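Atom set for the values below is all heavy atoms of this structure, side chains included, hydrogens, waters and symmetry mates excluded. Note that the coordinates shown come from a computational prediction; the quantities given were computed from them, not determined experimentally.
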Amino acid sequence: IVYLQQGAVVSNNSATNGAGIYLCGTLKLYDASITSNTAELGGGVLIDGGKLFATHSLSSIAGNTATINGGGVYMGQLNATADGEVELSGGATIDANTANENGGGLYAMNGKITLRDGNISNNVSHGQGGGVYATGNNLSFEIYDDIERKGLENAGSTIANNSAVVGGGIYVGKVLYMYGGKVFGNTATTSEGKGGAIFISSGAIARIFGGEISGNGANYTEGDNVVSNEDVGGIYAQGAKKLNTVTGIEEAVESNSLYI
C-alpha cells in the first residue's frame, strides 16, 4: 500500500501510460494531489489491476491530460488479470482533466467505481464520457451520498460541468446504479451530441433509485433541424437493456427528459 497524504503532490510528469502513477497495488490519497501530468492512457493515474482510494476534500486528481483515453484516471487490464477499483469519498475530486478520445475524468474498462461523497467535475472528452466512460464485462459503477457528511456544505456526490461529444456527464456501457448524488451542468457538445447528463449504450443497464439529474444540455441536430434540448439533454438510452427508477423518472430527472 502506498499513502500520499499531508499535501504531497505528484505533478508535471509524462509517460506512455500512467504519467503521474502507474498503479498495480493499492494507493490511498488523503490531502494529496496528482496534477498536470500527460500520457497516452491515464494522464494522472493508470490502474492496472490496482485499487485507488481517494478521500478528503483536499485530495484531487486534476489538470491531467490523456492523448488517448482517461485524462484523470484510466482503469483497465494492460498486464494484470485482476479487476481494478476506484473509490472517491469525503469530498475527493477528479477535476479539470482532458482526454483527446474518451473518459475526460475517468475511463474504466473493468472493475468497480464507487462515488461516496466524491466529485467528478469540469472534465473534457473529445469523444465519449466527459466525466466518466464506464464499460466492459466486469464493470460496475455506483453513486451514493455519504450519510456521515449529510447536511454539511458541499456534501454529496456530484458529476458536474463535464463535456463530451456523447455522454457529457457519464457514458454507460455496462451497469450504473445511482442511489444518490447529483448529475448537473453537463453537456454533449457537438451537433452529434446526445445524453448531456448520461448516455446509456445499447445493452447496458441503468438503475436510478435516487439523486437528482438536472440542468444538463445537448447540441444534437438532425439535418438542418436542431433537436430540442429537452429530448437529448438528460438521459439518452440507446436501446438500453434495462432502465428503471424507484423514485420515478419525473422525480429523479428535473429540467431534462428521458429519451429511449
Side-chain angles (χ1 to χ4, degrees), residues 28-32 51-62 72-73 75 84-97 103-106 108 111-123 129-134 139-162 167-172 174-187 195-200 204-216 233-235 242-256 258:
K28 295 188 176 183
L29 292 183
Y30 184 89
D31 187 13
K51 298 181 179 182
L52 169 62
F53 300 101
T55 188
H56 196 274
S57 60
L58 295 179
S59 295
S60 65
I61 299 171
V73 178
M75 181 165 65
E85 183 174 355
V86 174
E87 179 172 318
L88 302 182
S89 63
T93 62
I94 295 177
D95 182 75
N97 302 282
L106 168 61
K112 183 177 181 180
I113 306 166
T114 305
L115 296 189
R116 200 180 304 275
D117 194 15
N119 305 295
I120 298 178
S121 58
N122 303 308
N123 301 285
V132 180
Y133 179 96
L139 185 131
S140 68
F141 182 13
E142 301 176 0
I143 304 173
Y144 302 87
D145 283 329
D146 189 342
I147 59 173
E148 293 181 2
R149 280 170 45 90
K150 189 173 182 179
L152 297 179
E153 185 177 0
N154 298 323
S157 295
T158 60
I159 295 180
N161 303 317
N162 303 285
I170 305 169
Y171 179 98
V172 181
K174 191 60 179 179
V175 180
L176 169 67
Y177 296 96
M178 184 172 175
Y179 299 96
K182 296 181 180 180
V183 180
F184 67 91
N186 303 285
T187 307
I198 303 171
F199 183 96
I200 304 164
I205 297 173
R207 291 178 174 152
I208 301 171
F209 298 99
E212 179 183 325
I213 300 169
S214 64
N216 303 281
I235 300 173
K242 187 166 187 178
L243 173 66
N244 71 318
T245 68
V246 170
T247 58
I249 282 290
E250 67 280 358
E251 296 178 17
V253 182
E254 300 177 4
S255 68
N256 299 276
L258 170 65

OG-CG distance between Ser57 and Asp117, expressed to the nearest 0.5 angstrom: 9.0 Å

Derivation of the side chain to side chain contact (heavy atoms under 4.5 Å, CB included) call for Ile235 and Ile213: CA-CA 9 Å; Ile235 300 173; Ile213 300 169; 3.8 Å; yes

Donor-acceptor pair between Asp145 and Ser157 side chains, under 3.5 angstrom: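 Absent: no donor and acceptor within the cut-off.
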
side-chain hydrogen bond (donor to acceptor under 3.5 Å, both in side chains) evaluation trace for Asp95 with Ser121: CA-CA 5 Å; Asp95 182 75; Ser121 58; 2.8 Å; yes

Val86 and Phe53: CA distance, side-chain angles, deciding distance, side chain to side chain contact (heavy atoms under 4.5 Å, CB included) verdict: CA-CA 6 Å; Val86 174; Phe53 300 101; over 6 Å; no

Sequence neighbours left out, what passes side-chain hydrogen bond (donor to acceptor under 3.5 Å, both in side chains) with [X]? Give chain and number order.
X: Asn161; answer: none
X: Glu87; answer: none
X: Thr93; answer: none
X: Thr55; answer: Ser89

Please report the closest heavy-atom contact between [X] and [Y], naming both atoms and the distance.
X: Ala54; Y: Ala92; result: O-CB, 3.4 Å
X: Ile61; Y: Asn97; result: O-ND2, 3.0 Å
X: Gly181; Y: Met178; result: O-CE, 3.6 Å
X: Asn123; Y: Ala96; result: OD1-N, 3.2 Å
X: Asn119; Y: Gly156; result: OD1-O, 3.5 Å
X: Ala197; Y: Asn186; result: CA-CB, 4.5 Å

pair [X]-[Y]: side-chain heavy atoms closer than 4.5 Å:
X: Tyr133; Y: Leu106; answer: no
X: Ile170; Y: Ile143; answer: yes
X: Ile159; Y: Phe184; answer: no
X: Ile113; Y: Leu88; answer: no
X: Ile198; Y: Val172; answer: yes

Heavy-atom donor-acceptor pair, Asn162 side chain to Ile120 backbone, under 3.5 Å: yes

Qualifying residues under ring pair (Phe, Tyr, Trp, His ring centres under 6.0 Å), relative to Tyr30, sequence neighbours excluded: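 So Tyr30 forms a ring pair (Phe, Tyr, Trp, His ring centres under 6.0 Å) with His56.
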
Partners passing side chain to side chain contact (heavy atoms under 4.5 Å, CB included) against Lys112 (at least two apart in sequence or in another chain): Glu85, Thr114, Ser140, Glu142

Test applied, ring pair (Phe, Tyr, Trp, His ring centres under 6.0 Å); reference residue, Tyr144; option that passes from Tyr179, Phe209, Tyr177: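 It is Tyr179, the one option of Tyr179, Phe209, Tyr177 that forms the ring pair (Phe, Tyr, Trp, His ring centres under 6.0 Å) with Tyr144.
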
